[in-house]
Number of protein chains: 2
Amino acid sequence: MSNRRDAVHAILRQSEGFRSAQDVYAEMRAEGAKIGLTTVYRALQALSDTGHVDVLRTDDGESVYRACASGDHHHHLVCRRCGRTVEVAGPAVERWAEAIGSEHGFTEITHTVEVFGTCASCSTAAKPLRTPSRA
Amino acid sequence: MSNRRDAVHAILRQSEGFRSAQDVYAEMRAEGAKIGLTTVYRALQALSDTGHVDVLRTDDGESVYRACASGDHHHHLVCRRCGRTVEVAGPAVERWAEAIGSEHGFTEITHTVEVFGTCASCSTAAKPLRTPSRA
DNA sequence: TCGATTTTGACAATCGTTTTCATTTGCGCG
DNA sequence: CGCGCAAATGAAAACGATTGTCAAAATCGA
């Protein structure tokens, strides 16, 4: 019966970047799948609990999920325009976090690191950013 | 008239770590201050807009605020037990983020970095972590 | 003091997420 | 094959943080 959970996972695998729960729900509905919002949320939680997907919060407090290639610790470089995501490793950052932590007497250090930017395709495609309408 | 705004700011200055809007509101009320939740939110937004306080999201999606010493770009080392916060600078991380970004063709790089841990006082005080009840 | 403008705050509205709860489904067992 | 239990499902209600609304109150300038 974890059929739905797999379906949800499938949607994420098809996606390039992070998707919100509501988003996934909408897409599944659009594809004709019979599933409830509740179940999508539950599937997403289950998947993140088992480490099958990564979760992070957008600036406006929404949780977004993504099926990640590796189960290892890694970070993301996310395009703020199209959502495309690149998994990146940052040994330097890991060490920095550890160092900073112990330097201040902290133990059990964990950290969250996300990098946002505009990817190449997006910056060439639409560029309403650099439009100096004056001076 | 920005009296309230200052009052809110004062509360944050008195605090060691990050506080949530509701939290600040509750404390002000407890102290007898006459202020509405709406106003607290507005003050907090104003303060973060002007850069007087830092904002970040907790894992459960709540926004928390803190009066920060410097207006410069910096990150935090937060004690997950008592909330005590240390502001840290990480030039290495800044550079890493930039590098990773451009390496993948991303522009306008921004990043979020937060380090969590258990501070010295907390790890000595309560230590339900390393309590070998003996075999 | 009068009126205009800003600020305030009680309350309703939003919105994502979670909970509730009755129903459905899968499945082992007799 | 039928029964019943336990997990899964989903519609709708509940929730909690945040935001919007709007009228009352404070403040300022003339």
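So that the names make sense, note that chain A is the first sequence line, chain B the second, and so on, each numbered from 1. Just so it is clear, the structure is predicted and the values come from calculations on it, not from any experiment.
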Same hydrophobic cluster for B:Val64 and B:Val8, using side-chain heavy-atom links shorter than 4.5 Å among ILVMFWY?
no
Spacing of A:Arg29 atom CZ relative to D:dT9 atom C1', expressed in whole Å:
12 Å
With the side chain defined as heavy atoms from C-beta on, A:Arg4 is closest, among D:dT9, D:dA17, C:dG9, to D:dT9
Between A:Tyr25 (OH) and C:dT17 (P), how many Å, whole number?
14 Å
Rounded to the nearest angstrom, tell me the gap between atom CD in B:Gln45 and atom P in C:dT7.
14 Å
Between B:Phe18 and B:His76, how do the two ring planes meet: parallel, tilted or perpendicular, split at 30° and 60°?
perpendicular
Of the candidates D:dG10, D:dT18, C:dG16, the side chain of A:Ile35 sits closest to D:dG10
Are B:Val53 and B:Ile35 linked, directly or through other ILVMFWY residues, by side chains that come within less than 4.5 angstrom of each other?
yes
Starting at atom CD of A:Glu62, determine the distance to atom P of C:dC15, rounded to an integer number of angstrom.
12 Å
Checking C:dA10, C:dT17, D:dT9 against the side chain of A:Thr39 (C-beta onward), the nearest is D:dT9
Using a cut-off of 4.0 Å on non-hydrogen atoms, how would the nucleic acid contact of B:Ser63 be classed: base, sugar-phosphate, or nothing?
sugar-phosphate
Verify the distance criterion only: is there a donor paired with an acceptor across the side chains of A:His111 and A:Glu94 at less than 3.5 Å?
yes
B:Asp59 CG to C:dG16 P, in whole Å, measures 20 Å
Separation of D:dG16 atom P from B:Leu37 atom CG, nearest Å, is 14 Å
Connected via hydrophobic side-chain network under 4.5 Å: A:Val88 and A:Leu56
no
Would you mind reading off the distance between A:Arg5 atom CZ and D:dA7 atom P, rounded to a whole angstrom?
16 Å
Would you mind reading off the distance between A:Asp60 atom CG and D:dT19 atom C1', rounded to a whole angstrom?
13 Å
Answer yes or no: does a side-chain N or O of A:Tyr41 lie under 4.0 Å from OP1 or OP2 of C:dT18?
no
Could you tell me whether the phosphate oxygens of D:dT9, OP1 or OP2, come under 4.0 Å of any side-chain nitrogen or oxygen in A:Thr38?
no
The residue, B:Arg42 or B:Tyr65, whose nearest nucleotide of DNA chain D is more 5′ is B:Tyr65
